[in-house]
Amino acid sequence: QVQLVESGGGLVQAGGSLRLSCAASGNIVSINGMGWGRQAPGKPRELVAIITSGGSTNYADSVKGRFTISRDNAKITVYLQMNSLKPEDTAVYYCHTNARTIFSGTKDYWGQGTQVTVSS
């Protein structure tokens, strides 16, 4: 199993910034992609940013130019720097990874989520 622990959410005014962190632990053999998704009330979960083990990144159109994803492979940690935040960015943000473990093979894992609220 893989445990993902997120931190860094909170309340911020529009135009402000937040940095989310997510640390992975467990019987991990290898980590493939890591990323962040979010889910606003009444809406489906959407993937907003991903980063491969090689460092390639991809972003949802709604966050391009404002959010930056990065990872520290040694710490098995992924970060999401969020700038120029808008009220529509308000959501629960979930960390995601595709990882191979000793006993469970390769699977997708999600964290518990951290609330981000942007006030207007």
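From a predicted model like this one, the values you see are computed outputs, not experimental measurements.
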Q: Ignoring hydrogens and angles, tell me if any N or O in the side chain of Tyr59 forms a donor-acceptor pair with the backbone of Ile69 under 3.5 Å.
A: yes
Q.
How long is the straight-line distance from OG1 of Thr101 back to CD of Gln1, given to the nearest 0.5 Å?
A. 7.0 Å
Q: First locate atom OG1 of Thr68, then atom CG of Leu80, and finally report the distance between them rounded to the nearest 0.5 Å.
A: 8.0 Å
**Q.** Smallest separation among heavy atoms of Ala91 and Arg38, with atom names
**A.** CB-CB, 3.9 Å
Q: Indicate the atoms forming the closest heavy-atom contact of Thr90 with Val118, along with that distance.
A: OG1-N, 2.9 Å
Q: Mind checking the OG1-NZ spacing from Thr57 to Lys64? Nearest 0.5 Å is all I need.
A: 9.5 Å
Q) Hey, what's the ring geometry for Tyr94 with Trp110, parallel, tilted or perpendicular (30° and 60° as the breaks)? A) perpendicular
Q: Measure across Val92 and Gln115 and return the closest heavy-atom pair with its distance rounded to 0.1 Å.
A: CG2-OE1, 3.2 Å
Q. Heavy-atom count around Gln112 CD within 6.0 Å, excluding the residue itself: above 12?
A. no
Q: Compare every heavy atom of Tyr109 with every heavy atom of Ser104, then report the nearest pair and how far apart it is.
A: CB-OH, 4.1 Å
(Q) Give me the atom names and distance for the closest heavy-atom approach of Ser70 to Val78. (A) O-CG2, 3.2 Å
Q. Is there a path from Ile50 to Leu4 through hydrophobic residues (I, L, V, M, F, W, Y) whose side chains come within less than 4.5 Å of each other?
A. no
Q) What's the spacing between Asp89 CG and Thr117 OG1 if we round to 0.5 Å? A) 11.0 Å
Q. Heavy-atom count around Arg45 CZ within 6.0 Å, excluding the residue itself: above 12?
A. yes
Distance-only check: which donor-acceptor pairs under 3.5 Å involve side-chain atoms of residues 10-36, not counting sequence neighbours?
from  : atom 1 : to    : atom 2 : distance (Å)
Ser17 : OG     : Asn83 : OD1    : 2.9
Asn32 : ND2    : Asn98 : OD1    : 2.7

